[in-house]
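We number each residue from 1, following the sequence as shown. All figures in this text were calculated on a predicted structure; none of them were measured in a lab.
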Amino acid sequence: MHGPPLIGWLLVALCAATGAYCLLQMRAEPPGPGRRIARAEAFMGWGMAAMAVPSAALDPRPWGPPAFAAVFGVAAVRAVVPVRELLPVRRGAGWPGHHHLHHAIGALAMAYMALAMMAGPAGGHGHDASMAAGGGMTASGDMTSDGMAGGIPALTGALLAYFAVYAVRSGLRLLPMTDGAAAAGAPRAGWSRRPELRHACRLAMAIGMFAMLLTL
C-alpha cells in the first residue's frame, strides 16, 4: 500500500499478529461455526498484512493486485453463501450470520483496494512515471486512467464509515467484558478462547482496514 513506510509496517505487524491469534483460536474451537468464523478472521488478518506491505519495500504490480482481487472476491462469495443458508432464523435463536456478512464486506473492501492498486501508476517514480505512461492530465486537461488510482470517493467514504462504526462497536463491546467478568469471579476461559481478546482482534482489524482505506 501507499503512504509512509512506518505506518505500513505497523499495519503489517498489527494484522499479522491478529491473524496469528485467530489461527490459535481456530485450533482451540470445536468443529462448527466458531471455527469457521475464526478461520475467516485469520485469513482476513494475514491478507491485510500482505496488502499492507509498503510499496517502497515491495511493489506487487503487475501480478499482485489481480491476484489479491481474485482471492478476496472468492472469499467474499464464500462468506455470502452461509448468510443465505442462515435465512430464515428461528426467533430467539440468534443470528450468527452478521459475522459472515461482515467478512463478506471486508473481503469486498480488500478486492476493491486491490483494483485501486491496479489503476495506480506502475513503478515507484511518482508523478513523472504516471505522466510518461500516459496517466494524469492530458494536454487538453482531461483525466486519464490514473485518475482512478484513488478509487471511487463515494465508495471509499462508505467503507470508511462502515469500518469506523464497526471499530467503535467492537470497542464498546469490550467494556463490559473487561469491567465485570473478573469482579464477578467467573471462571476464565483459556487465553486462545477469551471473548475479550476475540473482540480486541476484531477491533484491531477494523482499525487496520480503516487505515488501509485512507491510503487509497
Side-chain angles (χ1 to χ4, degrees), residues 1-20 22 39-80 99-127 129-130 133 135-136 143-168 170 201-216:
M1 300 300 290
H2 299 286
L6 177 60
I7 300 299
W9 288 120
L10 288 175
L11 282 173
V12 170
L14 175 68
C15 297
T18 303
C22 291
R39 181 172 61 238
E41 290 174 344
F43 170 78
M44 185 63 63
W46 283 105
M48 290 172 62
M51 280 192 65
V53 174
S55 59
L58 176 63
D59 191 346
R61 290 172 290 190
W63 54 267
F68 281 129
V71 169
F72 285 107
V74 172
V77 173
R78 288 179 59 86
V80 169
H99 290 301
H100 296 289
L101 183 61
H102 173 69
H103 295 156
I105 294 173
L108 288 174
M110 296 291 285
Y112 165 66
M113 287 189 284
L115 293 174
M117 290 168 63
M118 291 172 61
H125 304 290
H127 182 70
S130 67
M143 184 69 70
T144 61
S145 61
D146 282 345
M148 297 298 294
I152 303 171
L155 181 55
T156 303
L159 290 171
L160 283 169
Y162 172 80
F163 286 106
V165 171
Y166 189 89
V168 172
S170 298
C201 285
R202 291 169 183 166
L203 171 63
M205 284 196 289
I207 293 174
M209 190 72 75
F210 185 89
M212 290 174 68
L213 285 165
L214 284 178
T215 65
L216 285 180

Review point. Does I152 offer a backbone N or O that forms a donor-acceptor pair with the side chain of Y112 under 3.5 Å?
Key: yes

Review point. Do the non-hydrogen side-chain atoms of M209 and M113 ever get within less than 4.5 Å of each other?
Key: yes

Check your understanding: With a 4.5 Å heavy-atom cut-off, do M51 and M117 have their side chains touching?
Key -> yes

Show every donor-acceptor pair shorter than 3.5 Å between a side-chain atom in residues 6-20 and any protein atom, with sequence neighbours excluded, or say none if there are none.
{"from": "T18", "atom 1": "OG1", "to": "L14", "atom 2": "O", "distance (Å)": "2.8"}

Study note, to complete from the structure: Smallest heavy-atom separation, E41 atom then C22 atom, equals CB-SG, 3.7 Å

Exercise for review: Report the residues that fulfil side-chain contact (heavy atoms from CB on, under 4.5 Å) with L203, sequence neighbours left out, ordered by chain and then residue number.
Suggested key: A167, S170, L174, I207

Review point. Sequence neighbours excluded, which residues qualify as side-chain contact (heavy atoms from CB on, under 4.5 Å) partners of A40?
Key: H103

Please table the atom pairs, donor to acceptor, closer than 3.5 Å between any side-chain atom in residues 63-72 and protein atoms at least two apart or in another chain.
{"from": "W63", "atom 1": "NE1", "to": "P60", "atom 2": "O", "distance (Å)": "3.4"}

